[in-house]
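Okay, structure first, notes after.
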Amino acid sequence: MAKKSGDKYRAILDAAVRVFAAYGYHNAQVSRIAREAGVADGTIYLYFKNKKDVLISLFKTRMGEFIQRVEEELAGCTSASEQLSRLVHLHLSHLEADRHLATVFQIQLRQSDPAIRQGIREPLRAYSRLIERVIARGVEGGEFREDLDPRLARKMVFGTVDEVATCWVMSQREYSLAALAPRISELLLRAFAR
């Protein structure tokens, strides 16, 4: 199997985003992904075992890049409140910037297939830990209420942005997802405040 990097690998992942978004995971064909990527069908199998591996690799790669970007941006924030607001904004603006990717993340990854759930578990855990660190910083620094459970608060944060993003993907209306970030942050920060 070829190294999971390089221009062809990236082209295949980019094509897979578009194909999974347009046809759904179950109706997407590896040959269609190959055509969309401008590669031969067999080239896919130099990088991926099967279609499931393409979806899992897509999530791991894109989520890993997103987490790295968030960590870099949060490092420049001076408070946990600022970090939380920035995280909410980054989450929503990232999805708004690529509706195909948002469709895959919000709809296609909600699979009942245990192998897919297992494959995407670690990047989701990494994101959860990042959110919990922000909340724990707020509790320890006295910005957030001292009885705030970081795990429960993390579920509130993720659940809120996840539901808002899913509604945006499913909506027939055109509106800015990122524009909702300030109001969401305000509600969360009010709930967490001392």
Side-chain angles (χ1 to χ4, degrees), residues 1-2 4-39 41-70 87-131 154-155 157-178 180-181 184:
M1 193 169 290
K4 290 199 171 191
S5 63
D7 292 341
K8 280 189 183 175
Y9 177 77
R10 192 67 185 193
I12 292 166
L13 290 184
D14 290 346
V17 169
R18 295 187 296 274
V19 172
F20 289 144
Y23 299 97
Y25 171 74
H26 294 292
N27 294 322
Q29 299 167 328
V30 171
S31 59
R32 192 181 301 269
I33 295 170
R35 268 196 314 277
E36 183 74 21
V39 300
D41 291 8
T43 302
I44 302 276
Y45 297 104
L46 295 175
Y47 296 91
F48 306 96
K49 295 177 203 151
N50 50 38
K51 180 172 72 170
K52 193 177 298 183
D53 188 32
V54 174
L55 183 64
I56 291 168
S57 297
L58 163 65
F59 185 77
K60 284 181 173 179
T61 300
R62 294 294 180 89
M63 193 65 178
E65 292 167 354
F66 173 69
I67 290 170
Q68 182 178 357
R69 178 178 167 213
V70 171
L87 186 143
V88 169
H89 173 76
L90 289 168
H91 188 115
L92 298 179
S93 63
H94 182 71
L95 293 176
E96 183 176 359
D98 187 342
R99 194 165 193 124
H100 293 302
L101 183 66
T103 300
V104 173
F105 276 19
Q106 298 305 125
I107 308 298
Q108 300 307 320
L109 277 167
R110 298 181 195 282
Q111 300 291 327
S112 58
D113 186 317
I116 292 174
R117 285 198 313 269
Q118 178 66 32
I120 67 173
R121 184 172 289 149
E122 191 45 46
L124 283 173
R125 281 185 182 152
Y127 192 43
S128 292
R129 287 190 297 266
L130 191 158
I131 297 169
R154 179 256 302 161
K155 290 176 185 177
V157 171
F158 184 80
T160 301
V161 292
D162 185 59
E163 175 65 14
V164 169
T166 298
C167 290
W168 178 77
V169 166
M170 302 292 285
S171 177
Q172 299 299 313
R173 297 180 305 119
E174 285 294 322
Y175 61 92
S176 172
L177 183 59
L180 301 174
I184 292 168

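Since this is a predicted model, take the numbers as computed values, not measurements. FYI, the numbering just counts along the sequence from 1.
Side-chain contact between Ile107 and Val169 is present, with heavy atoms from C-beta onward closer than 4.5 Å. At a threshold of 4.5 Å between non-hydrogen side-chain atoms, the residues Leu87 and Leu130 count as touching. Proximity of Arg110 to Thr166: side-chain heavy atoms (C-beta onward) are separated by under 4.5 Å at one or more points. Contact annotation: the side chain of Ile56 never approaches that of Gln118 to less than 4.5 Å [non-hydrogen atoms, C-beta and beyond].
The main-chain N or O of Ser57 is found under 3.5 Å from a side-chain atom of Thr61 such that the two form a donor-acceptor pair. Proximity of a side-chain donor or acceptor of Arg99 to a complementary backbone N or O of Leu95 within less than 3.5 Å is not detected. In terms of modelled atom types and a separation under 3.5 Å, the side chain of Lys51 and the main chain of Tyr25 share a donor-acceptor contact.
Remark: Arg173 fails to qualify as a cation-pi partner of Trp168 under the 6.0 Å distance and 45° angle criteria applied to the six-membered ring.
Residue Phe59 forms a ring pair (Phe, Tyr, Trp, His ring centres under 6.0 Å) with just one option from Phe105, Tyr127, Phe20, and that option is Phe105.
Remark: Arg62 engages Asp14 in a salt bridge, criterion side-chain N to carboxylate O under 4.0 Å. Taking the charged nitrogens against the carboxylate oxygens, Asp53 and Lys60 have no contact shorter than 4.0 Å, which rules out a salt bridge. A salt bridge links Arg129 with Glu122: the closest approach of a Lys/Arg side-chain nitrogen to an acidic carboxylate oxygen falls below 4.0 angstrom.
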* Run the numbers on Ser176 and Glu96 for side chain to side chain donor-acceptor pair (under 3.5 Å), then give the verdict. => CA-CA 7 Å; Ser176 172; Glu96 183 176 359; 3.2 Å; yes
